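This report refers to the structure that appears directly beneath it.
Quantities reported herein were computed from a predicted structural model and do not represent experimental measurements.
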Amino acid sequence: MATTDVYEYFSFPYGLINGPATFQKLMHSVLRGLTPTQCMFYFDDVIIFSKDMKQHVECLRSVFNRLEKANLCLSLDKCHFSVSECYYLGHPSPRNVKELQCFIDSCTYYCRFIKLCYHCSTTDQFTLKRHQICEDR
């Protein structure tokens with residue numbers, strides 16, 4: 001006997017090789033036109049920025065409308081609103097050489113999108129090398 005029920009996933013099932021890339025492409029199409037003037041995103045991390053509270057509310061409204069139109073949901077317990085600073089992508093400041101190396105390695109992806117990123121990267125690597133020399137003494 002055939003059933004007419006419709007079953008949908010709430011998240012990507014395990015084993016989908018192109019799942020992350022597909023979701024990133026979806027987010028890019030949903031938030032197109034808002035970036036980089038109002039928000040930035042990486043997978044499901046979205047940061048909305050503005051100069052004042054009135055502009056912030058307008059940016060929130062436009063992002064929420066686009067997410068709703070695409071049938072995307074937010075997890076309210078993971079959201080932070082109206083904060084002056086935040087950790088984006090879960091990267092706090094590195095506390096030692098190993099953490100700095102990990103952070104530099106994870107930033108290599110973004111170098112093609114950030115103007116003068118190579119300059120910042122070489123400065124960090126110089127600081128890292130100088131720090132390692134000091135530790136070796």
Side-chain angles (χ1 to χ4, degrees):
M1 179 147 88
T3 178
T4 59
D5 294 339
V6 176
Y7 297 97
E8 297 178 359
Y9 289 107
F10 287 112
S11 61
F12 278 112
Y14 290 104
L16 284 181
I17 296 171
N18 293 333
T22 303
F23 186 76
Q24 184 70 12
K25 190 173 182 179
L26 169 70
M27 290 298 289
H28 183 71
S29 65
V30 168
L31 299 177
R32 180 176 291 139
L34 298 179
T35 57
T37 58
Q38 295 177 344
C39 70
M40 295 187 313
F41 63 91
Y42 183 72
F43 292 113
D44 62 345
D45 288 333
V46 178
I47 187 167
I48 302 168
F49 45 89
S50 56
K51 294 181 181 180
D52 57 22
M53 186 54 78
K54 182 179 179 184
Q55 185 184 18
H56 192 67
V57 170
E58 290 173 11
C59 293
L60 281 170
R61 185 173 288 122
S62 61
V63 169
F64 288 166
N65 286 338
R66 288 176 182 226
L67 292 173
E68 182 180 38
K69 187 176 177 181
N71 292 325
L72 295 172
C73 300
L74 298 175
S75 178
L76 194 56
D77 58 330
K78 294 182 179 180
C79 296
H80 302 279
F81 298 100
S82 300
V83 295
S84 58
E85 64 181 55
C86 66
Y87 290 123
Y88 187 57
L89 301 176
H91 293 289
S93 299
R95 296 176 303 231
N96 56 40
V97 174
K98 185 169 178 74
E99 288 181 5
L100 180 59
Q101 286 173 328
C102 290
F103 181 73
I104 290 171
D105 291 342
S106 65
C107 289
T108 56
Y109 171 78
Y110 295 104
C111 279
R112 59 183 149 163
F113 304 110
I114 301 172
K115 187 176 181 178
L116 300 176
C117 180
Y118 177 74
H119 173 71
C120 296
S121 176
T122 55
T123 303
D124 287 342
Q125 289 175 359
F126 173 75
T127 304
L128 179 63
K129 287 178 183 175
R130 189 178 68 205
H131 186 57
Q132 283 176 334
I133 291 170
C134 292
E135 279 187 347
D136 291 340
R137 290 183 182 169

message: Quick check on the hydrophobic clustering: are Leu34 and Phe64 connected, directly or via other members, by side-chain heavy-atom contacts under 4.5 Å?
response: yes
- request: Using atom types as modelled and distance alone, determine if a side-chain donor or acceptor of Asn18 lies under 3.5 Å from a backbone N or O of Ala21.
  value: no
- prompt: Would Leu26 end up clustered with Leu31 when hydrophobic side chains under 4.5 Å apart are linked, directly or stepwise?
  reply: yes
message: I need the Ile48 CD1 to Cys79 SG distance, nearest 0.5 Å.
response: 9.0 Å
- prompt: Parallel, tilted or perpendicular: which fits the ring planes of Phe41 and His28, with parallel below 30° and perpendicular above 60°?
  reply: tilted
Interatomic distance, Arg32 atom CZ to Arg66 atom CZ [nearest 0.5 angstrom]: 9.5 Å
message: Can you confirm whether Glu68 is buried at CD, in the sense that more than 12 heavy atoms of other residues, nucleotides or ligands lie under 6.0 Å from that atom?
response: no
- request: Answer yes or no: is there a side-chain heavy-atom contact under 4.5 Å between Met27 and Leu72?
  value: yes
query: So do Leu76 and Phe81 actually touch side chain to side chain, heavy atoms under 4.5 Å?
result: yes
- prompt: Between Gln24 and Phe43, what is the shortest heavy-atom contact and its length?
  reply: OE1-N, 2.6 Å
field: Shortest non-hydrogen contact from Ser82 toward Met53
entry: OG-CE, 3.5 Å
